[in-house]
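Comments concern the structure below.
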Amino acid sequence: MNIFERLHNGEAIDIRDEEYQKQAHGEMKKCRHLCWQINSTDPSDTQKIIALENELLNGQIKDGSFFTPPFQVDLANCLRVGKNVFANHGLTVMSLGGITIEDGVMLGPEVGLFTVNHEPNNIRVLKTKPIHIKKNAWIGARVNILPGVTIGENAIVGTGSIVTKDVPDNTVVVGNPARIVKTIAKK
């Protein structure tokens with residue numbers, strides 16, 4: 001198993017581990033460079049941005065998906081993006097634990113997706129948990145989603161919320177920590 005598979009299977013990894021250094025840091029270096037290229041591109045050159053995003057995300061930016069620069073993705077090989085996904089500027093993605101963003105998701109400005117945490121007794125040891133954002137969810141501006149959280153289908157996360165627990169389908173959550181304030185009527 002590679003280092004990503006080991007982490008996704010729940011193994012804790014010391015950041016000084018030789019395989020971690022080689023595999024994860026190699027991918028991070030590639031992603032930092034591509035993000036820099038994207039973020040340095042004239043915003044009116046949409047075709048170039050899309051081509052670079054496709055390179056970064058291994059061909060996943062298609063069928064209406066677009067990440068608005070500037071943004072930062074640390075490990076694109078751990079990120080899965082569906083169709084018609086839109087991310088506004090300032091997106092921060094720490095995807096070592098794996099992130100799935102399904103079709104039709106909207107992400108507001110300055111959203112943070114964080115799948116990594118450290119062991120309290122040894123901060124050099126990483127633990128990861130995946131984030132899953134289901135179809136047609138809407139994530140408001142400056143929302144932070146923490147490791148292990150699933151955002152339900154058609155859910156809405158209000159601006160500035162910090163999401164520490166799963167959000168059910170068809171609900172609205174707000175606050176720190178985010179809590180359910182409304183159920184959305186199904187059409």
Side-chain angles (χ1 to χ4, degrees), residues 1-36 38-39 56-58 60 67 70-82 85 87 89-102 105 107-134 137 139-153 155 157-169 171 173-180:
M1 275 194 291
N2 69 32
I3 203 75
F4 305 108
E5 293 165 332
R6 289 170 54 199
L7 283 159
H8 294 177
N9 284 331
E11 187 177 335
I13 303 285
D14 191 301
I15 60 174
R16 297 165 293 197
D17 178 279
E18 189 176 307
E19 287 302 307
Y20 174 81
Q21 292 281 324
K22 181 180 173 185
Q23 293 172 29
H25 285 221
E27 178 70 10
M28 285 180 209
K29 182 178 178 181
K30 176 191 127 200
C31 291
R32 276 194 307 272
H33 178 72
L34 285 166
C35 286
W36 173 80
I38 293 164
N39 296 336
L56 174 69
L57 296 170
N58 303 308
Q60 295 184 81
F67 287 16
F71 63 85
Q72 187 63 43
V73 174
D74 67 346
L75 292 155
N77 66 330
C78 297
L79 176 60
R80 304 292 167 256
V81 179
V85 170
H89 67 276
L91 177 68
T92 299
V93 176
M94 295 183 71
S95 56
L96 184 59
I99 296 176
T100 300
I101 303 173
E102 292 186 4
V105 169
L107 302 161
E110 299 179 16
V111 165
L113 306 175
F114 306 104
T115 65
V116 179
N117 209 337
H118 297 262
E119 288 288 338
N121 295 322
N122 184 352
I123 61 171
R124 303 290 185 268
V125 175
L126 298 176
K127 294 271 304 181
T128 66
K129 292 183 183 175
I131 290 174
H132 188 163
I133 304 174
K134 293 186 177 180
I139 312 301
R142 295 188 174 155
V143 166
N144 288 306
I145 300 175
L146 300 186
V149 169
T150 295
I151 306 294
E153 196 166 318
V157 180
T159 296
S161 296
I162 298 180
V163 187
T164 61
K165 295 181 182 169
D166 291 351
V167 175
D169 294 350
T171 59
V173 299
V174 297
N176 178 9
R179 65 195 177 292
I180 298 171

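We number each residue from 1, following the sequence as shown. Not measured: the values here are computed from a predicted model.
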- Message: side chain to side chain contact (heavy atoms under 4.5 Å, CB included), that's the test. Do L107 and F71 meet it? Break it down for me.
- Response: CA-CA 12 Å; L107 302 161; F71 63 85; over 6 Å; no
- Message: When you compare the side chain of I101 with that of I131, does any pair of heavy atoms fall below 4.5 Å?
- Response: no
Give a yes or no answer on whether the side chain of [X] reaches the backbone of [Y] with a donor-acceptor pair at less than 3.5 Å.
X    : Y    : result
S161 : G175 : yes
H8   : I3   : no
E119 : V125 : no
T115 : M94  : yes
T171 : I180 : no
R80  : N77  : yes
D169 : E153 : yes
E110 : H89  : no
S95  : L75  : yes

Euclidean distance, [Y] [atom2] relative to [X] [atom1], rounded to 0.5 Å:
X    : Y    : atom1 : atom2 : answer
D17  : E11  : CG    : CD    : 8.5 Å
H33  : K29  : NE2   : NZ    : 10.0 Å
D166 : H132 : CG    : NE2   : 10.5 Å
I123 : D14  : CD1   : CG    : 11.0 Å
T128 : L96  : OG1   : CG    : 5.5 Å
T164 : I145 : OG1   : CD1   : 11.0 Å

- Item | Step-by-step side chain to side chain contact (heavy atoms under 4.5 Å, CB included) determination, F67 to L57 | CA-CA 11 Å; F67 287 16; L57 296 170; 4.1 Å; yes
- Ion pair present between K134 and E102, side-chain N to carboxylate O less than 4.0 angstrom? no
- Does the distance from a Lys or Arg side-chain N to an Asp or Glu carboxylate O, for E27 and K30, drop under 4.0 Å? yes
Identify the heavy atoms of [X] and [Y] that sit nearest to each other, and give their distance.
X    : Y    : result
A87  : L91  : CB-CD2, 3.8 Å
K127 : A12  : CD-CB, 3.5 Å
C35  : L56  : SG-CD2, 4.0 Å
V149 : I151 : CG1-CD1, 3.7 Å
A76  : C31  : N-SG, 3.3 Å

- Is the number of heavy atoms from other residues, nucleotides or ligands within 6.0 Å of CZ (R6) greater than 12? yes
- So with a 6.0 Å cut-off around CD of E18, is the heavy-atom count from everything else above 12? no
- Message: Go through it in stages, so that I can follow the logic: the residues are L126 and H118, the test is side chain to side chain contact (heavy atoms under 4.5 Å, CB included), and I'd like the CA-CA distance, side-chain angles, deciding distance and then a yes or no.
- Response: CA-CA 5 Å; L126 298 176; H118 297 262; 3.2 Å; yes
- Task: Go through V85 and I133 one step at a time and tell me if the side chain to side chain contact (heavy atoms under 4.5 Å, CB included) criterion holds.
- Result: CA-CA 11 Å; V85 170; I133 304 174; over 6 Å; no
- With L113 as partner, the option from N144, I99, V73 fulfilling side chain to side chain contact (heavy atoms under 4.5 Å, CB included) is I99
- Can you sort out the partners of F4 under ring-ring contact (aromatic ring centres under 6.0 Å, His included), two or more places apart, ordered by chain and number? none
